[in-house]
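From a predicted model like this one, the values you see are computed outputs, not experimental measurements.
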Amino acid sequence: MARERADRKRNRDLIVRVARDAFARADEAGEAVSMNEIARAANVGPATLYRHFATRDELADAVYQSKIDDVTVRVLEATRDEDALTRLRAWVSEFVTFMLATRGMMDTLRAAWQSATAATSPTAAKITGILEGFVTAGEADGSIRADVDPADLTIAVLALLSATPPGDSGARSMRLLRLVMDGLEDASVNT
């Protein structure tokens, strides 16, 4: 049983890794990539791919989650000695930059985020968990207001990103997100 679980995890990780590369190439070329192409590149059968990811959207979500993990690790390492609000600002900036660079997959996720279940999607839940860590640390170190709801913050970030049309540089989204970040600051720290 443990061997089967290890093989299953190894296959899933391989599929996500291959899909990351395939989606990145497709984004650069402005093309779509099929599930069958990903299965072939991962050297697994379509049935194995679909056992792990029933839809292309599920696979795209898993790829995004793995990239979000990379962004989070990179930011946490780079901002280790900063207060929580500074770390949060850095994470949001990195996250937005990454999202704007992956427009093809962003379109796939945009549809999910704009659905009735956007706040409960696995990616939104992951983002909310990450933001909750920053908010909790910020409340503790006094850099973030005590009334910030991480789920509200997730919705604000995703909504601003989903409003960025294809071909737009994202400059307006970045300005608006800075305003949101400014609103998180605990005003009592500066008084």
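Counting heavy atoms of neighbouring residues, nucleotides and ligands inside a 6.0 Å radius, atom CG of D70 exceeds 12 of them. The neighbour count for R172 CZ, taken as heavy atoms of other residues, nucleotides or ligands under 6.0 Å away, does not exceed 12.
With rounding to the nearest 0.5 Å, the separation of CD1 in I127 from CD1 in I68 is 4.0 Å. Rounding to the nearest 0.5 angstrom, the gap separating the CE atom in M35 from the CG atom in L59 is 5.0 Å. Distance check, rounded to the nearest 0.5 Å: CZ of R25 to CZ of R20 gives 13.0 Å. Distance CD/E139 to CG/L184: 10.5 Å, rounded to 0.5 Å. In this structure, CD1 on I130 lies 11.5 Å from CD on E132, to the nearest 0.5 angstrom. Annotation: the span from I144 atom CD1 to M181 atom CE amounts to 8.5 Å, rounded to 0.5 Å.
Here the side chain of T86 pairs no donor or acceptor atom with the backbone of E82 at under 3.5 angstrom. In this structure a side-chain-to-backbone donor-acceptor pair under 3.5 Å is present from E58 to A54. At distances below 3.5 Å, not a single donor-acceptor pair connects side-chain atoms of T128 with backbone N or O atoms of A151. A donor-acceptor pair under 3.5 Å is formed between the side chain of S66 and the backbone N or O of V63.
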* To do: Check step by step if ring pair (Phe, Tyr, Trp, His ring centres under 6.0 Å) holds for Y64 and F95.
  => CA-CA 11 Å; Y64 262 103; F95 175 71; 8.0 Å; no

* To do: Please test T154 against L158 for side-chain contact (heavy atoms from CB on, under 4.5 Å), starting from the C-alpha separation and ending with a verdict.
  => CA-CA 6 Å; T154 299; L158 296 180; 3.8 Å; yes

* To do: Before giving the answer on side-chain contact (heavy atoms from CB on, under 4.5 Å), spell out for F134 and L85 the whole-Å C-alpha distance, their side-chain angles and the decisive distance to 0.1 Å.
  => CA-CA 7 Å; F134 288 120; L85 181 58; over 6 Å; no

* Asked: Please walk me through it: do R56 and F23 pass side-chain contact (heavy atoms from CB on, under 4.5 Å)?
  -> CA-CA 11 Å; R56 186 178 190 281; F23 282 132; 3.1 Å; yes

* Is there a side-chain contact (heavy atoms from CB on, under 4.5 Å) between L153 and D149 once you walk through the steps? -> CA-CA 6 Å; L153 187 54; D149 181 332; over 6 Å; no

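Using a 4.5 Å heavy-atom threshold, the side chains of E185 and R89 count as touching. Put simply, the side chain of V16 reaches to within 4.5 Å of the side chain of F53, judged on heavy atoms. The shortest distance between side-chain heavy atoms of S93 and M174 falls below 4.5 Å.
Salt-bridge formation is detected for the pair K9/D13: a Lys NZ or Arg NE/NH1/NH2 atom is positioned less than 4.0 Å from an Asp or Glu carboxylate oxygen. Salt-bridge annotation for D141 and R87: absent, with no side-chain N of the basic residue lying under 4.0 Å from a carboxylate O of the acidic one.
Residue S143 comes nearest to A84 through the heavy atom pair OG-N, 3.6 Å, listed as atom of the first residue, atom of the second, then distance.
In this structure, V73 is not a member of the same hydrophobic cluster as L131, with clusters built from ILVMFWY side-chain heavy atoms closer than 4.5 Å.
Between E94 and the choices T79, T72, V75, the side chain to side chain contact (heavy atoms under 4.5 Å, CB included) rule is met once, by V75.
Between the side chains of D61 and Q65, at least one donor N or O sits under 3.5 Å from an acceptor N or O.
Scanning for side-chain contact (heavy atoms from CB on, under 4.5 Å) contacts around A42 gives L14, I15, V18, V44, with sequence neighbours left out.
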